[in-house]
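The structure appears right after this line, and notes come after that.
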Amino acid sequence: MARRELDGFKTMSQRLTRKEIKRDQVQEALTGVMDYLRDNLRSLLMMAGLVLLAIGAVAAYRSYLDSREVEASEQLARAMRVYSAEITDVPDPADTRNPTFGDATSRDAEARSQLQAVLDEYGRSDSAAIAKAYLGELAARSGDLDAARNLWEEFLESQGDNMLASEVRVNLMSVDREQGRGQELVTRIRAQLEEAESDLPTDVLLYQLALTQRELGFDAEARQTMQRLLDQHPRSVYAAEALAELGTGAPGNPLAGL
């Protein structure tokens with residue numbers, strides 16, 4: 001009996017010794033951490049300062065970009081007021097809120113200058129990309145279709161989901177027809193009509209296909225395409241023009257309104 005009690009005492013003693021050893025190890029580890037912090041306090045503070053400095057720099061840069069975008073938007077808005085200005089007998093181009101011009105040539109020249117300024121000063125902003133879309137229209141109006149194509153393609157590269165993108169894509173189709181690329185355009189539109197999803201609605205593609213077929217002299221095919229448009233999309237905005245095409249003659253030049 002005494003033997004068993006002695007053995008039990010030894011076991012308890014061994015357990016206590018393990019606890020003490022573990023406690024000593026923890027204390028030793030904490031002491032090591034404290035010594036490390038004390039010896040490296042200056043370096044740690046410098047690192048913390050650098051991290052805070054980096055965070056501050058990122059915040060400042062984002063704030064700068066935001067302010068630049070606001071400035072670009074304001075300058076684009078001023079340019080667009082000129083772009084859409086009325087032609088009157090008593091022009092006042094200096095009016096910043098509601099400018100007017102004596103003729104379209106002077107208005108377009110001023111609009112081009114202001115839109116180009118947005119592009120030059122805020123080249124990477126969304127406003128600059130939008131300026132390219134309108135500069136492309138001004139280039140098309142003046143007959144410089146190569147410049148218009150380049151500007152519109154650059155716009156689509158960065159703003160393919162912009163609400164102006166569909167209009168720009170249609171304008172590029174018009175440029176293709178004007179530059180004798182009608183057959184390539186027919187092939188491309190037909191391929192898009194076979195796709196499950198396309199960048200343009202089906203009725204728009206059918207109308208553009210019919211215009212291109214008419215331009216190439218394929219009158220019968222153009223009429224079939226217009227009939228398909230009416231059958232599949234009777235409420236399309238192009239329905240009236242399709243009826244006119246089937247009834248009396250060819251649709252108008254889509255570049256005429258640029």
Side-chain angles (χ1 to χ4, degrees), residues 83 104-105 108-109 111-112 115-116 119 123 128-233 236-258:
Y83 178 88
T105 301
D108 290 354
R112 184 180 295 106
L115 289 167
Q116 188 62 49
L119 185 57
I130 293 172
K132 286 183 180 181
Y134 288 100
L135 283 169
E137 290 206 10
L138 291 172
R141 286 181 190 176
S142 66
D144 191 349
L145 298 183
D146 288 333
R149 178 187 295 280
N150 291 337
L151 287 162
W152 283 332
E153 288 178 347
E154 289 175 5
F155 168 80
L156 290 176
E157 286 179 5
S158 61
Q159 300 287 322
D161 295 331
N162 190 286
M163 62 181 181
L164 293 174
S166 294
E167 182 179 349
V168 168
R169 289 187 174 97
V170 169
N171 286 345
L172 281 170
M173 291 180 179
S174 298
V175 171
D176 282 338
R177 286 191 291 271
E178 289 292 317
Q179 293 187 326
R181 301 182 185 184
Q183 191 58 60
E184 298 174 17
L185 181 57
V186 165
T187 301
R188 192 164 67 249
I189 294 176
R190 282 175 171 166
Q192 291 180 54
L193 286 169
E194 296 298 324
E195 297 174 358
E197 295 184 2
S198 177
D199 293 325
L200 290 171
T202 303
D203 62 329
V204 175
L205 291 172
L206 287 171
Y207 182 69
Q208 292 299 317
L209 177 59
L211 288 179
T212 310
Q213 290 168 331
R214 169 69 75 180
E215 181 72 20
L216 292 171
F218 304 144
D219 294 349
E221 292 185 13
R223 291 175 63 84
Q224 290 174 0
T225 301
M226 285 294 191
Q227 187 61 59
R228 179 182 172 187
L229 190 160
L230 285 173
D231 293 342
Q232 296 180 0
H233 305 277
S236 169
V237 295
Y238 299 106
E241 295 183 57
L243 286 171
E245 163 71 8
L246 292 171
T248 58
N253 181 3
L255 277 180
L258 292 179

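Scope of the values below: all heavy atoms of this structure, side chains included, with no hydrogens, waters or symmetry mates.
- Applying the side-chain contact (heavy atoms from CB on, under 4.5 Å) criterion to R228, with sequence neighbours excluded, gives L193, L206, Q232.
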Exercise. Give the intermediate values and the outcome of side chain to side chain contact (heavy atoms under 4.5 Å, CB included) for residues L156 and D199.
Key: CA-CA 11 Å; L156 290 176; D199 293 325; over 6 Å; no
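- Side-chain contact between M226 and L230 is absent, with no heavy-atom pair separated by less than 4.5 Å.
- The minimum heavy-atom distance linking L164 with I130 is given by the pair CD1-CG2, 3.9 Å.
- Counting only heavy atoms from C-beta outward, the side chains of R181 and V175 never approach each other to under 4.5 Å.
- The nearest pair of heavy atoms linking V168 to A133 is CG2-CB, 4.2 Å.
- Side-chain contact between R141 and R112: absent, with no pair of heavy atoms (C-beta onward) separated by less than 4.5 Å.
- Using a 4.5 Å heavy-atom cutoff, the side chains of F218 and V186 are not in contact.
- For the atom pair CG of L185 and CZ of R190, the computed distance is 10.5 Å after rounding to the nearest 0.5 Å.
- Rounding to the nearest 0.5 Å places CG of L135 at 11.5 Å from CG of D144.
- W152 CH2 to N171 CG: the interatomic distance, rounded to the nearest 0.5 Å, is 4.0 Å.
- Counting non-hydrogen atoms of other residues, nucleotides and ligands closer than 6.0 Å to CG of D161 gives a total of 12 or fewer.
- Nearest heavy atoms, G136 versus L151: N-CD1, 3.6 Å.
- Of the inter-residue distances, the one linking L243 atom CG with Y238 atom OH reads 15.0 Å to the nearest 0.5 angstrom.
- A 4.5 Å side-chain heavy-atom check between V204 and S166 finds every atom pair outside the cut-off.
- At least one side-chain heavy atom of L205 sits less than 4.5 Å from a side-chain heavy atom of M173.
- By the 4.5 Å heavy-atom criterion applied to side chains, L138 and Y83 are counted as neighbours.
- Within a 6.0 Å radius of CD in E194, no more than 12 heavy atoms belonging to other residues, nucleotides or ligands are found.
- Counting all heavy atoms, side chain and backbone alike, A148 lies closest to A139 at N-CB, 3.8 Å.
- For the atom pair L209 CG and T202 OG1, the distance stands at 12.0 Å (nearest 0.5 Å).
- G182 and T212 make their closest contact through O-CG2, 3.3 Å (heavy atoms, listed as atom of the first residue, atom of the second, distance).
- Looking at every heavy atom in both residues, A222 comes nearest to A210 through CB-O, 3.6 Å.
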Exercise. Dump the intermediate steps for side chain to side chain contact (heavy atoms under 4.5 Å, CB included) on E184 and D176, then the final yes or no.
Key: CA-CA 8 Å; E184 298 174 17; D176 282 338; over 6 Å; no
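- Inter-residue side-chain proximity for Q116 and L119 is flagged as met; some heavy-atom pair is nearer than 4.5 Å.
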Practice problem: Give the C-alpha distance, both sets of side-chain angles, the deciding distance and a yes or no for salt bridge (Lys or Arg N to Asp or Glu O under 4.0 Å) between R214 and E241. | Solution: CA-CA 14 Å; R214 169 69 75 180; E241 295 183 57; over 6 Å; no
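- Sorted by first and then second residue, the salt bridge (Lys or Arg N to Asp or Glu O under 4.0 Å) pairs with a member in residues 150-160 read K132-E154, R149-E153; sequence neighbours excluded.
- Distance check: L145 CG to R177 CZ gives 12.0 Å after rounding to the nearest 0.5 Å.
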